[in-house]
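Some notes on the structure that comes next.
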Amino acid sequence: MHALFQKIAALPWDQLPQWLFLIPGLLMLLAAFAAVCLRNLIHSALCVVLSFICLGVLFMALGAEFVGFVQLLVYVGAVAMLILFAILLTPASEVQASNNPLSNFRLSSALHAAAGAAVSFLVLAGLLAAIAFSPRAANAELPAQPAAAPVALIGENLLTYTLLPLLGIAVLLTAALVGAALIAKEDSKS
Amino acid sequence: MSASSSNFFSGTADAGALEVSLGPHHPSTHGVFRMNVRMEGETVVKLQPVFGYLHRNHEKIAEKNSWLAAMPYTDRLDYICSGTNNWAYAVAVEKLAGIEVPERAEYLRVIVGEMTRLQNHTAFLGFILGDMGAWGSALMYAFREREKILDLFEELTGARMMLNYARFGGVRCDTPAGWLDKARAYLATYPAFLDEMEQFLTGNEILLSRLQGVGVLSAQRAINGGLSGPVLRASGVDYDIRKVDGYSIYPRLKFRVPRGEVGDCFDRFMLRLLEARESLKILQQALDQIPEGPVVNPAVKQRGFKPPAGEAYGRIEGPKGELGFHLVSNGTEKPYRYHVRPPSLINLTLLEEMCLGTKIADVMVILGSIDIVLGEVDR
Amino acid sequence: MNFFALLKDFLLQFLGLFKNLETLPVECMRLLREFLTKLGELCGITMPQWALDTVSALVLIVAILVTFLVLFALMSVFERKLLARAQNRYGPNRVGPFGLFQPVADGIKMLTKEDLVPRAADKVVHYLAPIVMVAPALMLPVFLPFGRGMVAVDLSVGILAFFALGAGTELAVFMAGWASNNKYSILGAMRAIAQMISYELPLVTSALVVALVAGTLSPTGIAEAQSGYFCGFLPKWFVCTPWGFAACVLFYIGALSESNRCPFDLPEGESEIIAGHLTEYSGFKYAIFFMAEYVGMFAVNGLLVTLFLGGYNAPFPFLEWVPTWCWFFIKLWAVALSMVWVRTTLPRFRIDQMMQFAWKFLLPMSFVTLLAAAAWYYAGQGPKAWMSPAAWSASALIVLLSYLLLGTFCFTRRHSATNRRYLFSE
Amino acid sequence: MNFPGSGIIKGMAVTALNIVGSYFDRAHAKRLITEQYPEERPKLAEASRSFPFLVFDGDDPEKGIRCVACKICEKECPPQCIYIVKDTDANGKPIMRPKVFDIDISVCMGCQICVESCPFESIRMDNIYEVSGYDRFAPLVLHKPQLLKSNAYYHGIRPTEAAATDARIEAARLRKEAAAKAAAAKVAAAKAAAAAKAAGEKAAETKPTQPE
């Protein structure tokens, strides 16, 4: 018994905080899985929100507070709300017909799995490639300690180094917004 | 938001709409009124008023009782304005039996009637603000002043709301000593209160945007619907029974009848304010001119009253509109037929028309702007 | 040295702290840590750092929670009393002296009420909604500087964190509305979400204006940027500048809306949809919603105080003897009670008008204040702008002109009491 | 001054005036008109009415009861809330006194028609307004002992009306006495006349006494 205590005491407790990320991490995965599996759309959406929150917490745990809070603000505060709103505004009959969107595809479950795996793989590969080939990664020289004002740094980067992509996204989003408004307007006329 | 629906759990046939039963227990239906509302988003596409939850068999009770015994029941029609209800019934009976009313009694009736109108319109200002979701300030200011009028009523008739004041051929009792002076003194402070209310409310941007352009009713539709009172006049129709019939001593009094142009909730709101000011003028004149004399025609036997066989329709301009009583007598101690024409009910008939295409919040304001009392609607 | 001697020593030290009220709360925390270390020494152990951190964090959490719950309790009484006074009534004056124990009575009432859950409700979500509501609301105050050097979590992105956590409220309102399975609830939830999303934009933008001029997103930094005086005695609060005043009003309106207070209490508009998302809540769950709303309101008011009203700074030099944290709470109460004043005066907006107001007036106006702040900053060459006529006139002109234009466009052009005619017939 | 938002500011000014004004309105004249009910009680107007009661003269309710159980009020009462049973004497003969007089005040609407219709000035309106009970029926049906209240009480709650009533009763009593006397005198006169006639035949000297 005493030996057990000693063993426990000898564990690297000082490293514990590094492993605490497992809690939000696992919770995020669980929520994401539940979001796919649950039959109730609203429950799925709420699970998505939970995984968003856990992602934000993960960012914060990594010391990226700004990104973490932006994650919360944008994804939990706005995107999730829009998803929920969209579900709410969809007529009952449509919701019932496609309670689980996947069930409408006439594919076998094996095909489901294969398609899902393929898509996930592609996304993952894309992300990894983006990270690997990004110019930042090439001269991967992490600063010894985080910059004094990371927000200022991000802002500076956004308005200099990534100005063009930023503007491109802005134009794209504006176009999408205008298009959505147009579609909505036509719908209400009919 | 397109013409989308929010009806994801309601199993009605029309999946694009949300059906809500507003009432009978709802904070702002002015009693036990119910509206079945179909909405798309928050826009009303169909509205079906359902009433009768406060039905108390008023007409049959009156036919079962003696002529006089119907008088206290009329108090309970529109329980805010019992003074005018009594008066209308008395006018109908007097027409039926051909009874003369002494001069002083007519003045007292006008005084009580106009005070009733004043307090009804004052209370209306508070009620409609409540319907708009204001937190009771306007209501409490209105009730503060209304209480003082009710105090005057209590001194005069013994009751604050259920006056039971009119009698066939007069009124029940004369004024207690000093009452007229008290009334004069109190009414002198009233314009200041109306000014305060006007400053408090009429310029308020939120109130303007909530009232203007909401529930517009054209003059033609208002006439076709048989509407009366401030709701009709707000639509621009110059029709006031005090002027049209010239009953009682109204032809002797100088007052103006305001009317609106647009016919929306704001006009209805403003008309109440303007009419309250005109009522004040009438009251001043009546209080100044009131003669001495008997307050009831001594020839009329109140108990065991038996009018000759026949029928009559007597009406007055109540605070809410034309209040009429249609009476049929077969010469006995009880009315053969007793029918009430309640302004609240008739004014309510165009509710759906006013509400279609508006938001659910507007429905409450429109209902409030008609100024109904469920006691009168359901009887 | 035994335990009691240690206790006595520290108690005396604690009492000694009251000589300087300004540093009292901070010194208390320091004393606590010292006491714990000494206590450890007494027992023969060296207190590990994490234990000290944990204990002081817990004490801090409890202190902030208690402060804000007491604020909530007092507010529930003072709000009713002030409302009553505005309506020529006395307000609650039966429970305890001046009705001060009314919250206790309310709490007991709420606790003893039956907790109703509709049979058709989604029970899990219905149960979770109050928790999701109250958790972020109670987290919000930690980012606020209550006094000089008194901030629980001093984040460099504090303002962003504040808004990010505030977003949780929307989620809770949605969960409550949807799970209740009641048509009024769902209407209330839809209204709430639409409203919160719309009003978050002007709210955040007007906070951004301050961040722009102060050059930081940290609440402490912003409060510190407002210390000092111009013209010798006038406070250098941002609300005293033209752009700051405009942004403050916009933020105030946004705060009213975010805390679901009149005239933006549409989600629970009792004259239309009974109680909105709260319709099917009763007992203590309802009380928790209520509490979360009030704590959230105090938190967002605290942010308003920090951003625009100089935070914990005294208004005039001769009032600097009052501790800074007193100033913070004085201002907090002033803003909170002004919200009661607004509540007692104004009727409620309609849903479409509210959205129009947000998108057509508040949002453009908040962009204009951004512009005005930029003009202030550049015309006045940064921090020197306080004494620069060019900065004052430029930003004042921008704000005033666009206010009049937008206001006329949004209101006066559409609605006016003066454009109505009333005919009279004799 | 009319700029966007001016209306709201005006409204805010009005409420501010009321908030501040309520603290300076000690006389409860203009603002803050609330009566703190159980401690402060309103001074009721003399005419103020709630439910009917029965007036009795003197000290003994049973003896002084004015009601004669004529049942007019029972018949006239609009909601029919009065129930009267005539008393009988030892022989079972009805006498002019109520044995049972009940008013169901949960039904009564305080309309005062019973008061108006009572020819004997025996039923009057009370002004108590604190009437409640733990039962729906029993406590709200007032029986004769609860209904009977003295004329002094009546004078206490509405002096003017009570004085007028007393004057009327007094006048009626005087009229009645006068009428009785007149009737008695008439009878006496008739008797006297008859006697005189009889006596006249005998050529009597006596004169009949004149009534005053």
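As a basis for the values below, the full set of heavy atoms in this structure was taken, side chains included, without hydrogen atoms, waters or symmetry mates. Chain letters run A, B, ... following the sequence lines, proteins first, then strands; residues in each count from 1.
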>> With a 6.0 Å cut-off (strictly less than), is the heavy-atom count around CZ of C:F245, excluding the residue itself, greater than 12?
In response: no

> Side chain, backbone, both or neither: which part of B:L274 has a heavy atom under 4.5 Å from chain C?
Replying inline: side chain

> Which heavy atom of B:G136 sits nearest a heavy atom of C:Q87, and at what distance?
Replying inline: C-NE2, 3.6 Å

> By a 4.5 Å heavy-atom criterion (distance strictly below it), what part of B:D131 contacts chain C: side chain, backbone, both, or neither?
Replying inline: backbone

>> Which atoms of C:L346 are under 4.5 Å from chain B, going by heavy atoms: the side chain, the backbone, both sets, or neither?
In response: both

> So does C:F424 have more than 12 non-hydrogen atoms from other groups sitting under 6.0 Å from CZ?
Replying inline: yes

>> Atom NZ of residue position C:K113 - does it have more than 12 heavy atoms of other residues, nucleotides or ligands inside 6.0 Å?
In response: no

>> I need the C:L187 CG to B:M39 CE distance, nearest 0.5 Å.
In response: 4.5 Å

> Contact part of B:R259 toward chain C, heavy-atom cut-off under 4.5 Å: side chain, backbone, both or neither?
Replying inline: both

>> Checking the side chain of B:R210 only, and the main-chain atoms of C:R348 only, is there a donor and an acceptor separated by less than 3.5 Å?
In response: yes

> Out of B:L271, B:D267, B:V365, B:L207, which one racks up the most heavy-atom pairs below 4.5 Å with chain C?
Replying inline: B:D267

> Name the one of B:L201, B:I206, B:L211 that satisfies side-chain contact (heavy atoms from CB on, under 4.5 Å) with C:P347?
Replying inline: B:I206

> Got a second to check how far B:D362's CG is from C:I351's CD1, nearest 0.5 Å?
Replying inline: 11.5 Å

>> Applying side-chain contact (heavy atoms from CB on, under 4.5 Å) to B:Y141 and C:N88, what does each step give before you reach the verdict?
In response: CA-CA 8 Å; B:Y141 301 159; C:N88 305 315; 3.3 Å; yes

> Going from CD on B:E205 to CZ on C:F357, what distance comes out if it is rounded to the nearest 0.5 angstrom?
Replying inline: 9.5 Å

> So C:K183 and B:E19, salt bridge (charged side-chain N to carboxylate O under 4.0 Å, His left out) or not? Walk me through it.
Replying inline: CA-CA 8 Å; C:K183 292 173 187 179; B:E19 282 187 4; 5.9 Å; no

>> Whether the side chain of C:Q353 engages the backbone of B:S209 through a donor-acceptor N/O pair (distance < 3.5 Å, no angle test) should be reported.
In response: yes

> Checking B:V214 against chain C: side chain, backbone, both or neither under 4.5 Å from a heavy atom?
Replying inline: side chain

> Looking at B:G133, B:G213, B:G368, B:G260, which one has more heavy-atom pairs under 4.5 Å with chain C than the rest?
Replying inline: B:G133

>> Show the nearest heavy-atom pair for residues C:T344 and B:F200, with the distance to one decimal.
In response: O-CZ, 4.4 Å

>> I need the B:K359 NZ to C:R350 CZ distance, nearest 0.5 Å.
In response: 6.5 Å

> Do you know which of B:H26, B:R256, B:E278 has the most heavy-atom pairs with chain C at a distance under 4.5 angstrom?
Replying inline: B:R256

> Which one of B:G130, B:S137, B:A234 has the most heavy-atom pairs closer than 4.5 Å to chain C?
Replying inline: B:S137

> Closest heavy-atom contact between C:T345 and B:N204?
Replying inline: O-ND2, 4.3 Å

> Using non-hydrogen atoms only, which part of C:L83 is less than 4.5 Å away from chain B: side chain, backbone, both, or neither?
Replying inline: side chain

>> What I want to find out is whether C:R420 reaches B:D264 closely enough, with some N-O distance under 4.0 Å, to be called a salt bridge.
In response: yes

> With a 4.5 angstrom heavy-atom cut-off, which part of C:Y184 approaches chain B: side chain, backbone, both or neither?
Replying inline: side chain

> More than 12 non-hydrogen atoms from neighbouring residues, nucleotides or ligands closer than 6.0 Å to OH on C:Y127, yes or no?
Replying inline: no

> Side chain of C:S425, backbone of B:D238: donor and acceptor closer than 3.5 Å?
Replying inline: no

>> Which atoms of B:D240 are under 4.5 Å from chain C, going by heavy atoms: the side chain, the backbone, both sets, or neither?
In response: neither

>> With a 4.5 angstrom heavy-atom cut-off, is it the side chain or the backbone of B:F255 that approaches chain C, or both, or neither?
In response: backbone

> Can you tell if the side chain of C:R191 reaches within under 4.5 Å of the side chain of B:E42, non-hydrogen atoms only?
Replying inline: yes

> Which bit of B:L139 is near chain C, if near means a heavy-atom gap under 4.5 Å: side chain, backbone, both or neither?
Replying inline: neither

